[in-house]
Amino acid sequence: MSKKTSVSIVRIEKDINETVRKAVDLVGGLAPRISQGDKVLIKPNFIREEPSHVGTTTNIEVIKATVALVKEAGGVPTVAEASGNQYDTEYIYRTLGLREALGDVTVMDLDQDEIVTIKNDDAIALKEVGVARTVLEADLIIGLPLLKTHMTTSTTIGMKNMMGVLPQREKWKMHMSGLHQALVDLNRIAKPGFVIVDGVVGMEGFGPTIGSPVEMNLILAGEDVVAVDTVGSYVMGFQPQEVKHLELAGEQGLGIHDLNEIEILGEELESVVRAFKRSFGSKVIEVWAANQYRLGTFLLNRFNYDIRGFLKSVSDIYVTKPQLTKNLCDICGLCVETCPTGAVTIDSYPRFDYTRCTKCLRCVQHCPVKALRPSRKPATILKLFSA
Ligand code: SF4
Ligand code: SF4
């Protein structure tokens, strides 16, 4: 009988660093997977500039813990990402304070990297795609995804997180090629050799950027991205067969997609399941997403149009701005201090001048008591369609 692949699930009892270590140790640690001087690419999820406590981006403490483990194993870590299409990776790093948090660790914007075109005649959907050179040259890729719902792929965890190794102009090929199969093809080119899931705060409903946060306080780890995603999806209340790209990945031998073939270490699986609200009408959204990109390509070719600007204007439908929950606010004034545009004043409670607010969400990130959160107006409407 073949040996089962292992996935660990550890509940955060004290601090995140300790929990990451425990989850990684349970599945054998990083030391056997890293040789002295290996280039280790750490791929978080920085799709946009929102802080981790709203469930959008990887918690910086998880990144720091991973960097420390890589260094201890003798590897040379590089943290790298190319954000969602309508966002600016450097701006996200700045807003979230990533470089300051990581000190001397190299942090790369993969949109600025050299792009290497990979041709793969054996691929079913993604026959040709440009990938950042740093990704291709890594000895090991460690993915640091979150537990999020997704409007087209049901869940987005480790496999989907690898879309961030593609520069912006290549990402829409994924949608236009048929996203589910394209994800399998992409993960053959850039497959994480290890995955640590930041399950501190996940996202339910209209993920991956405008859903609602779900406090899970978990860390998952494993070396088979398909198995990790299968377990992660189950934890979110999704049966393995509901996530099309995982099903295809299992059928095509990319990894293990059968829960019976996965050894769960740490917490008992059923004890951590929390049924996430689903996004609505994924088929409709998938068609819309593919055509949004087709329209973008047409505009680029026909009018030399600014694609990022186009996508941003589409995504600005989901206007995000800071919103106060008064009964949580202790009027500390930190939001006033951290706002770069002077958009916040205190008049018994913080008040926001939205004509000055650039929606950078720094105030949300710095509020010590989570009294501020991003409000997403259309998301409220879309939530009506979330199951
Ligand atoms: S930072 Fe948070 S707690 Fe402090 S005043 Fe602003 S909203 Fe209130
Ligand atoms: S109020 Fe200031 S800190 Fe908050 S999102 Fe707006 S510009 Fe950024």
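Residue numbers run from 1 in the order of the sequence given. Just so you know, ligand 1 is whichever comes first in the structure, and atom 1 is the first atom listed for that ligand.
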Identify, for atom 8 (Fe) of ligand 2, the protein heavy atom at the shortest distance, and state residue, atom and that distance.
Cys360 SG, 2.4 Å
Of the protein's non-hydrogen atoms, which lies at the shortest distance from atom 5 (S) of ligand 2, and what is that distance?
Leu361 N, 3.1 Å
Using a cut-off of strictly less than 2.8 Å, determine whether Cys363 has an N/O/S atom near atom 4 (Fe) of ligand 2.
yes
Using a strict threshold of under 4.0 Å (side-chain N to carboxylate O), is an ion pair present between Asp104 and Lys71?
yes
4.5 Å side-chain heavy-atom contact, Ile142 and Ile196:
yes
Does Lys191 come within less than 4.0 Å of Glu223, counting only side-chain N to carboxylate O?
no
Just jot down the ligand 1 atoms closer than 4.0 angstrom to any heavy atom of Leu324, in number order.
7 (S)
Give a yes/no verdict on a cation-pi contact between Arg274 and Phe276, requiring under 6.0 Å between NZ or CZ and the six-membered ring centre and an angle within 45° of the axis.
yes
Could you list the atoms of ligand 2 found under 4.0 angstrom from a heavy atom of Cys339?
1 (S), 2 (Fe), 3 (S), 7 (S)
Assess Arg278 against Phe238: is NZ or CZ under 6.0 Å from the centre of the six-membered ring, and within 45 degrees of the ring's axis?
yes
Taking only heavy atoms of Val344, which atoms of ligand 2 are found under 4.0 Å from at least one of them?
1 (S)
Hydrogens and angles aside, do Gln252 and Gln181 bring a side-chain donor and acceptor to less than 3.5 Å of each other?
yes
Flag if over 12 foreign heavy atoms under 6.0 Å of CG, Asp121:
no
For atom 4 (Fe) of ligand 1, which protein N/O/S atoms are closer than 2.8 Å?
Cys332 SG
Is it the case that Ser6 and Glu263 place a side-chain donor and acceptor less than 3.5 Å from each other?
yes
Please list the nearest protein heavy atom to atom 6 (Fe) of ligand 2 with its residue and the distance rounded to 0.1 Å.
Cys357 SG, 2.4 Å
Side chains of Glu270 and Tyr234: is there a donor and an acceptor less than 3.5 Å apart?
yes
Quick check on contacts: which atoms of ligand 2 are under 4.0 angstrom from a heavy atom of Pro340?
3 (S)
Taking only non-hydrogen atoms of Thr341 and a 4.0 Å limit, the atoms of ligand 2 in range are 7 (S)
Would you check if the side chain of Tyr354 reaches a backbone N or O of Pro322 as a donor-acceptor pair within less than 3.5 Å?
yes
